[in-house]
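Let me begin by presenting the structure, written as structure tokens, before commenting on it.
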Amino acid sequence: MTTQHDCLALDAADPLAALRGQFSLPAGITYLDGNSLGARPKAALRRAHDVLEAEWGDGLICSWNTAGWYDLPSRLGDKLAPLVGAGKGEVVITDSTSVNLFKALAAAIKLQANHPERAQRRTIVTERDSFPTDIYMAQGIIEWLDRGYTLQLLDSWDQLPAALHDDVAVVMLTHVNYRTGRMFDMPAVTAQAHEAGALMIWDLAHSAGAVEVDLRAAQADFAVGCTYKYLNGGPGAPAFIWVPERHQADFSQPLSGWWAHRQPFAMQASFVPAAGIRRAMCGTQPIASLALIECGLDVFDLVTMAALRRKSLALSDLFIALVEEHCGAHGLELVTPLAHAERGSHVSFSHRHGYAVMQSLIAHGVIGDYREPHVMRFGFTPLYTSYSEVWGAVQTLKRILDEGDYQIDAARGAVT
Ligand SMILES: Cc1ncc(COP(=O)(O)O)c(C=O)c1O
Ligand SMILES: Nc1c(O)cccc1C(=O)C[C@H](N)C(=O)O
């Protein structure tokens, strides 16, 4: 049995505790939703001010050259790269995760279509439980191509081996599932896809900055992910795309805007792709938003992913144990795997009134979120979450459930 006193002792001994000071978090709030939108690094306010006042206000158009705006997507990509096991020159921060997925899928389909033995393959495999935008982007590209491609949706992750037949061109999976928090064994699954002759694309939205990822060691083919969750880049901050060096020369994507051109300012009438990772870009980047990502990435210089992962698992283990001990009588069902190797950095419990309970939690200062059907999600971000906050969150949940202090017919906001 863990007590509040034990949690305070864990905080006192936590080597990462001081990192919370890097973030601006409102007093009295326990923030367990860094898996949707990370907290604001304190440094971002100053950076926003500098970008708007000095770089935009004073520097005007000259800042594309003088303030490093032009190279920002690839410079920040290099800074992010070690967090996902990518090499220098292999990551660019640009566009949204959805758009980057479109580019990666298009490039993978083309690579296979140009392969002498795989050109006839027409199946793309993903999970039915993928974050919907991944499915929608695949459906969009299939419909637009109109060349007989089909999307095979797995109803359960263990159906993958059987699904890897000789028509599969591409496997596209989310490393850590947005709803369940379940994590795939990236090297093993990538190897299975390759053995079947398929290319492997990973969506790292819930992995980057949350769990240890080594894309190069896994020999994955492409990856995408967002910066606004565990990387604390800010709402709607641009996403990233990883194209390993070995695929860059053959990486061809149809959103061939001028920022992907070898010489954008040569203003030529025909498209010639840039030699390296810049060919994964499209058009002009949102500099004000992009610049803030650096403040989130800088915090990762102060810590290792191994240390973050250790604390993340300790926080989620504690949460699961406390919920089961204190709230066990209330029909909560753990959706997230218990095995560490299969768990990301958030924990989901389903409850038949999950939405209403989550709204009550939020009203009482514990912010998580809700996903259909019935799933309450709690994200653990070891950079700024303490063990005593986990204790407090579970006590609040217990009180709400014990007292039935939630409104079953609570009106829904557009974002849940
Ligand atoms: C797995 C996954 N992929 C993609 C996205 C979103 O993509 P976008 O940033 O394009 O909205 C999310 C969350 O929003 C996600 O959880
Ligand atoms: N991207 C989001 C948004 O635009 C609004 C609200 C939430 C989000 C999220 O990131 C949701 C998140 N990907 C999820 O796992 O559900």
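Just so you know, ligand 1 is whichever comes first in the structure, and atom 1 is the first atom listed for that ligand.
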Checklist entry - Does Thr133, backbone or side chain, put an N or O under 3.5 Å from an N or O of ligand 1? => result no
Checklist entry - What are the atoms of ligand 1, with element, lying closer than 4.0 Å to any heavy atom of Lys229? => result 13 (C), 14 (O), 16 (O)
Next on the checklist: Distance under 4.0 Å to a non-hydrogen atom of Val415: what atoms of ligand 2 satisfy this?
Outcome noted: 6 (C)
Item to check | Closest protein heavy atom to atom 11 (O) of ligand 1, given as residue, atom name and distance to 0.1 Å | outcome: Tyr228 OH, 3.7 Å
Item to check | Arg118 with Asp166: basic N within carboxylate O range, under 4.0 Å | outcome: no
Checklist entry - If you measure every N/O of Tyr178 against every N/O of ligand 2, is any gap under 3.5 Å? => result no
Checklist entry - Please state which protein non-hydrogen atom is closest to atom 3 (N) of ligand 1 and give its distance, to 0.1 Å? => result Asp203 OD2, 2.7 Å
Next on the checklist: Give the atom numbers and elements of ligand 2 that come within less than 4.0 Å of a heavy atom of Arg371.
Outcome noted: 7 (C), 11 (C), 14 (C), 16 (O)
Item to check | For atom 16 (O) of ligand 1, the protein heavy atom that lies nearest, with its residue and separation | outcome: His206 NE2, 2.8 Å
Next on the checklist: So is His206 touching ligand 2 or not, going by heavy atoms under 4.0 Å?
Outcome noted: yes
Checklist entry - Got the closest protein heavy atom to atom 10 (O) of ligand 1, with its distance? => result Ser98 OG, 2.6 Å
Next on the checklist: Please report whether the ring centroid of Trp64 lies less than 6.0 Å from that of Trp259.
Outcome noted: yes
Next on the checklist: Under 6.0 Å between ring centres: does that hold for His326 and Trp391?
Outcome noted: yes
